[in-house]
Amino acid sequence: MQIIDATPVIPASTWTVDPLRSSVAFKLRHLMVIPVRGRFTVFEGTLAVARDGRARAYGTVQAATIDTNDAARDERLRGPDFFDTANSPEIVFASSSIETLDDETLLIAGDLTIRGATREIELRARRTAAAAERIELELEGALRRSEFGIESAQLLEAGISDRVELALHVSLTKAG
């Protein structure tokens with residue numbers, strides 16, 4: 001774990017995701033033009049910042065809670081050709097480094113595991129609000145779905161982009 005001082009952005013404490021005020025969303029393109037948006041409805045996470053500035057983040061998403069506003073598509077996405085939620089129910093993220101970029105921005109690198117495949121991704125986190133007991137972050141990043149084994153002739157024929165843009169709004173509350 002890279003040691004940095006995250007305290008300019010997040011005060012030292014353990015912070016937990018408030019799922020009622022947070023969201024985990026994604027977007028990709030159909031026919032390389034039309035945006036297809038989705039979200040996951042069940043997730044949890046923590047961000048721990050030590051007094052010396054060392055920080056770590058961890059989160060899980062229940063893959064079966066995918067919601068693209070199309071029930072038939074969501075059922076296909078839960079199946080073995082895509083997320084295979086029967087065998088891989090969770091999407092897991094664990095940070096490997098957290099770097100302070102400025103007084104409001106962190107660069108969070110870590111391992112993302114989907115369908116048993118683990119790849120490193122980077123998320124840029126911008127603090128949008130802060131209070132003594134609550135911090136709000138907007139996180140953005142991207143991944144290639146093919147790197148996680150989510151690839152099929154059907155996706156290629158439909159012109160579904162390999163790049164998936166991630167957009168998370170995370171409302172964190174101070175634990176204890």
Donor-acceptor pair, distance only, cut-off 3.5 Å: does the side chain of Thr85 make one with the backbone of Ala64?
no
Can you tell if the side chain of Arg145 reaches within under 4.5 Å of the side chain of Asp162, non-hydrogen atoms only?
yes
Answer yes when Asp103 and Arg127 have at least one side-chain N-carboxylate O distance shorter than 4.0 Å, and no when they do not.
no
Is it true that a side-chain atom of Arg119 and a backbone atom of Leu112 form a donor plus acceptor pair closer than 3.5 Å?
no
Closest approach of Ser88 and Ala63, non-hydrogen atoms and distance?
O-CB, 4.2 Å
Cationic N near anionic O, under 4.0 Å, Lys27 to Glu165:
yes
Closest non-hydrogen atom pair, Leu28 against Ser161
CB-OG, 3.6 Å
A side-chain contact here means heavy atoms from C-beta on lying under 4.5 Å apart; do Ile121 and Leu123 qualify?
yes
Hey, are the side chains of Glu138 and Thr128 touching, using non-hydrogen atoms and a 4.5 Å cut-off?
yes
How are the rings of Phe26 and Phe40 set relative to one another: parallel (under 30°), tilted (30 to 60°) or perpendicular (over 60°)?
tilted
Measuring from Phe148:CZ to Arg115:CZ, what's the distance to the nearest 0.5 Å?
11.5 Å
Thr46 vs Trp15 side-chain heavy atoms within contact, under 4.5 Å:
no
Would you say Leu143 and Leu107 are hydrophobically clustered, going by side-chain heavy atoms of ILVMFWY under 4.5 Å?
no
Determine whether a donor-acceptor pair (N or O, by modelled atom type, separation under 3.5 Å) exists between the side chain of Ser22 and the backbone of Asp18.
yes
side-chain contact (heavy atoms from CB on, under 4.5 Å) between Val9 and Thr105: does it pass, once the steps are laid out?
CA-CA 7 Å; Val9 181; Thr105 311; 6.0 Å; no
Within-4.5 Å side-chain heavy-atom neighbours: Ile114 and Ile150:
yes
Euclidean distance, Ile66 CD1 relative to Arg73 CZ, rounded to 0.5 Å:
9.0 Å
Rounded to the nearest 0.5 angstrom, the CD-OG distance for Glu120 and Ser96 is 4.5 Å
What pair of heavy atoms forms the shortest contact from Ala94 to Tyr58, and how long is it?
CB-CD1, 3.9 Å
Taking the side chain as every heavy atom from C-beta outward, state whether Leu139 and Val170 have any pair of such atoms under 4.5 Å apart.
yes
Test of understanding: clusters of I, L, V, M, F, W, Y form through side-chain heavy atoms closer than 4.5 Å, transitively. Do Phe43 and Leu166 belong to the same one?
yes
Do the side chains of Ile10 and Leu47 get nearer than 4.5 Å, heavy atoms only?
yes
Which heavy atom of Asp67 sits nearest to which heavy atom of Asp74, and what is that distance?
CA-OD2, 3.5 Å
Above 12 or not: heavy atoms from other molecules or residues under 6.0 Å from CD of Glu140?
no
With a 6.0 Å cut-off (strictly less than), is the heavy-atom count around CZ of Arg134, excluding the residue itself, greater than 12?
yes
Looking at CZ of Phe93 and CG of Leu168, how far apart are the two atoms once the value is rounded to the nearest 0.5 Å?
9.5 Å
May I ask you to test the Leu172-Leu137 pair for a side-chain heavy-atom distance under 4.5 Å?
yes
Do you know which two heavy atoms are closest between Glu90 and Gln62, and how far apart they sit?
OE2-NE2, 3.0 Å
Between Ser95 and Ile98, the two heavy atoms sitting closest are OG-CD1, 4.1 Å
Can you tell me how far CZ of Arg163 sits from CZ of Arg29, rounded to the nearest 0.5 angstrom?
10.0 Å
So, the side chain of Arg124 versus the backbone of Ile108: is there a donor-acceptor pair under 3.5 Å, distance only?
no
Distance-only donor-acceptor check, side chains Glu136 and Ser171, under 3.5 Å
yes
How far does OG1 of Thr68 sit from CZ of Arg37, to the nearest 0.5 angstrom?
12.5 Å
